[in-house]
Amino acid sequence: MNILVGGIGQETNIFSTQRVVYNDFTKFRGQEVIRCLDCYKSITDEGFELIPAIYARITPSGAMSKDEFLKFIDEFFGSIDPDVKIDGIYLTMHGAMYVNGIGSAEEYLLKELRNRYGHEILIFASFDSHGNMKKEIASLLNYATAYRTAPHIDVIETRERAVKNLVYCLKNNFKPSMLYIKIPVLLAGEKVITADYPANEIIQRLEELIDGNNVLDASFFCGFAWADNDYMSMGIMASVVQLSQEIENKLLEIADFVWEKRESFTYSVEAYEPEKAVSKAIDYAKSTTKGVIFISDSGDNITAGSAGDSAYMLNAIIDAGAQNTLLAGITDADVVELASKSKAGGNIEFHIGGSIDPSSFSMQITGVLVSTGEKSIGGQATPTKYAIVKAKGITIVITNQRFAFTDTKYLNEMGIDINDYKIAVIKLGYLFPEIAKVAAKNILAISPGNAYQDVARIDYKTKDVRFYPRDEMDYKSTL
C-alpha cells in the first residue's frame, strides 16, 4: 500500500502588513519530505510505501495572495505520479494558514485532494494546537490530531501518532470520521499553557476518551487570535471509528467544561504594560546575582506572525536607563546594509523601526558597531544577515529578515553569550524551552504590535463573530 505524505505550514497573522510569497517558504521535496517529517519508520516498518509530494513551511507571518498559494498547489499535485495508486494520505499542516482570496489554506488543499481521490480514501492530518478549526475542515478529514504541549515539544510524537493510526486503519479497513465542537472563546496563546490549569485538565479529559480502537484521537485546539476570520476560536476534535451517543455526550461535556473554565486561563508569568515590565525587570536584575531576566515583547512576537520591526521596547529600555541589556532583535534590512558598509568599532547612526509595518514604532539611534555577519540559522530559506550595535548600555541585534530567537544557540552563532547580560528583551510571547532554561525570570510585556495580547480590544474587521472575553453570551455546546 502507498501513503502520500506532504503538507504546508504557516500561522498567518492577518494584522501584519508583511506579504509573503511562495519563494519565502522552506520547501522539502522527494526524500527530503520523508526525512523532514521524522515519522517515516512508523510507515515503512509496517511494509507501506511512502509517496512524497511536497512539504513547505515558514515562520509565522502575514498572508499570501491566492496566486502565490496556488503555486504550492500546482507543485504539490504536479509532484505526484498519476500512475501510482494512493491508498492513504498523511498531511502535516498548521491549521491557522489564511490566504487572501481563498480563506483557509488547509480547507482548500483538502478539497483539492477530495476532488482528485474521492471521499473513500483516508486522509489523516496533524496540526498545531493554535490552529483555527471548523466543521468544513473536519468533514474533509478522517482523522486529526494536535500538539498536546504549548510550548510545543511534541511535534514528532504528534506526527507519529497520526501515521500510526493511519496504518492501523488501513490494515484493518477502518474508516473513521470526525467530530468537531466550536467553543466561543478566543485568547492569546500565552494564556493557554498546557502545563497549567485548566489546559492540562482539558487535555487529560480528552486523552481519557482515547481507547486506540474506536476513539483514535481527541484534541484540544486553543485557536489563533490574530486571524480575523469567522471561525477563529477554541475547539475540540475527535476521530472515531464507530460513532455513538455516549462518545458525543462525553465530548459535549468536555466542551462545556472548557467554557465553564474560560476565566481560569491566565498568564503563567508576570504580565504588565511595557514601561512597568521594564521597571520590574530592572528591579529584579538588581536583586538577583544569577540568571537573565527576560522581557517578552509580545505584541511584536515573531512566532505569532508579527512584523518583528518595532523599536517600541528598545525605546522603553533606553528611557528607563537599563544597562547590561540585550535586545534580540529588530528586523531592518536597510540598517543591516548600512552596517555592512561601516567599520566595526566605529560610530554608526541610523533610524530603526517600521521597515515592514509602517505603523511600527521607530526611532533614531547613535551607537557603536560591534560586528556584522551572515549565518544560515534556524532552517530559514535564505541566510540571515545581521548587525550588532551597542548604544546607551544596550546591545541591539538587527537582522535583515524576520528571525525568531527561540534558542540561545542562535545568539551564540552571532558571537553573543546570553549569560553576559542581566536583562534580555526578546520578540516572543511565552519563552521556548531552550530560552526558558537560562531565564531567572520571564516578564511578559503587553506591548503594541500585530499580536496584541488584549484580544477584547482588537478592532477585528470580522464583526459578526461573538466570543469571550469581548462579548457577553450564554453557551451550551452542540455538535
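Just so you know, residue 1 is the first one in the sequence shown, and it goes up from there. Just so you know, these numbers use all the heavy atoms, side chains as well, and skip hydrogens, waters and symmetry mates.
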Over all atoms of both residues, closest heavy-atom pair of Ala311 and Ile352: CB-O, 3.8 Å
Without hydrogens or angle criteria, can the side chains of Glu413 and Tyr386 be said to hold a donor-acceptor pair below 3.5 Å? no
Check: His152/His130 side-chain N/O donor and acceptor closer than 3.5 Å: yes
Between Thr406 and Glu434: side-chain donor-acceptor atoms closer than 3.5 Å: no
Heavy-atom closest pair (Ala445 atom, Met313 atom, distance to 0.1 Å) is CB-CE, 4.0 Å
Taking side-chain contact (heavy atoms from CB on, under 4.5 Å) as the test, write out the residues that go with Ala451, two or more places apart. Asn13, Trp226, Ala304, Ser306
Does Ser360 use its side chain to pair, donor to acceptor, with the backbone of Ile356 at less than 3.5 Å? no
Could you check if a side-chain atom of Ile423 sits within less than 4.5 angstrom of a side-chain atom of Asn324, using non-hydrogen atoms only? no
Under 4.0 Å between a Lys/Arg side-chain N and an Asp/Glu carboxylate O for Arg205 and Glu201? yes
So how far is it from Met133 CE to Met178 CE, rounded to the nearest 0.5 Å? 9.0 Å
pair Leu369-Thr372: side-chain heavy atoms closer than 4.5 Å: yes
If you draw a 6.0 Å radius around NZ in Lys385, do more than 12 non-hydrogen atoms from other residues or ligands fall strictly inside? no
Under 3.5 Å: donor-acceptor pair, side chain of Ser287, backbone of Tyr284: yes
Shortest non-hydrogen contact from Ser268 to Asp196? CB-OD2, 2.8 Å
Atom pair CG/CG of Asn450 and Asp309 - distance to nearest 0.5 Å: 8.0 Å
Exercise: identify the closest heavy-atom pair between Asn442 and Ser296: ND2-OG, 3.2 Å
Between CG of Leu431 and CD1 of Ile426, what distance do you get to the nearest 0.5 Å? 7.0 Å
Just wondering, do Ile418 and Leu326 contact through their side chains at under 4.5 Å, heavy atoms? yes
For Asp332 and Ser355, indicate whether the former's side chain and the latter's backbone hold a donor-acceptor pair under 3.5 Å. no
Check this for me: does any side-chain nitrogen of one of Arg148 and Glu157 sit under 4.0 Å from a carboxylate oxygen of the other? no
Would you say Ser65 and Asp67 are linked by a side-chain donor-acceptor pair, where the criterion is simply a distance under 3.5 Å? no
Flag side-chain contact, heavy atom, 4.5 Å: Leu141 against Leu110: yes
Whether Thr331 side chain and Gly308 backbone form a donor-acceptor pair below 3.5 Å: yes
May I ask you to test the Leu206-Leu251 pair for a side-chain heavy-atom distance under 4.5 Å? yes
Classify the side-chain pair Thr382/Gln401 by whether it contains a donor and acceptor separated by less than 3.5 Å. yes
NZ (Lys343) and CD1 (Ile348) are apart, to the nearest 0.5 Å, by 14.0 Å
Any side-chain donor near an acceptor of the partner, Tyr231 and Glu136, under 3.5 Å: no
Do you know the tightest heavy-atom contact between Met97 and Phe25? CE-CZ, 4.0 Å
Let me see the working for Tyr267 and Gln453 under side-chain hydrogen bond (donor to acceptor under 3.5 Å, both in side chains), right down to the final yes or no. CA-CA 11 Å; Tyr267 296 116; Gln453 289 282 311; 2.9 Å; yes
What orientation do Phe405 and Phe403 show, parallel under 30°, tilted 30 to 60°, or perpendicular over 60°? perpendicular
Would Glu106 and Tyr108 count as having a side-chain donor-acceptor pair, cut-off 3.5 Å? no
Check for a donor-acceptor pair, side chain of Thr149 on one end and backbone N or O of Pro151 on the other, with a separation under 3.5 Å. yes
Anything under 30° is parallel, anything over 60° is perpendicular, the rest tilted; go ahead and classify Phe221 against Phe127. perpendicular
If only atom types and distance count, is the side chain of Glu32 paired as donor or acceptor with the main-chain N or O of Arg29 below 3.5 Å? yes
Going by atom types only, do Thr462 and Asp230 share a side-chain donor-acceptor pair under 3.5 Å? no
Heavy-atom side-chain contact between Arg466 and Pro184 under 4.5 Å: no
Check side-chain contact (heavy atoms from CB on, under 4.5 Å) between Lys111 and all other residues, then give those that pass, not counting sequence neighbours. Glu107, Leu140
I'd like to know if the side chain of Ser279 and the backbone of Lys276 have a donor-acceptor N/O pair within less than 3.5 Å. no
Closest approach of Ala146 to Ser219 (non-hydrogen atoms, all atoms of both residues): N-OG, 3.1 Å
Look at the aromatic rings of Phe28 and Tyr55 and report parallel, tilted or perpendicular, splitting at 30° and 60°. parallel
Inter-residue atom distance Lys390.NZ - Ile396.CD1, 0.5 Å rounding: 11.0 Å
Within 45° of the ring axis of Phe265 and under 6.0 Å from its six-membered ring centre, is that where the NZ or CZ of Lys191 lies? no
Donor-acceptor contact below 3.5 Å, side chain Asp24 vs main chain Val21: yes
Checking Ser16 now: which residues fulfil side-chain hydrogen bond (donor to acceptor under 3.5 Å, both in side chains) with it, not counting sequence neighbours? none
Residues Asp300 and Lys427 bridged, charged N to O under 4.0 Å: yes
To the nearest 0.5 Å, how far apart are CG in Asp454 and CZ in Arg470? 12.0 Å
salt_bridge(Lys437, Asp407) N-O dist < 4.0 Å: no
A side-chain contact here means heavy atoms from C-beta on lying under 4.5 Å apart; do Thr303 and Phe432 qualify? yes
For side chain to side chain contact (heavy atoms under 4.5 Å, CB included), just list the numbers for Tyr272 and Val278, CA-CA rounded to whole Å, side-chain angles, deciding distance to a tenth of an Å, and then say yes or no. CA-CA 9 Å; Tyr272 306 105; Val278 173; over 6 Å; no
Side chains of Trp259 and Ser477 in contact at under 4.5 Å (non-hydrogen atoms): no
Less than 3.5 Å apart, any donor N or O on the side chain of Ser126 or Arg159 sitting next to an acceptor on the other? no
Quick check against the 3.5 Å criterion: does Gln323 have a side-chain atom that pairs as donor or acceptor with the backbone of Lys392? yes
Can a salt bridge be assigned to the pair Arg19 and Glu68 using a cut-off of 4.0 Å between side-chain N and carboxylate O? no
Assess the side chains of His351 and Gln364: does a donor N or O sit below 3.5 Å from an acceptor N or O? yes
On the six-membered ring of Tyr22, is Lys27 placed so that its NZ or CZ lies under 6.0 angstrom from the centre and within 45° of the ring axis? yes
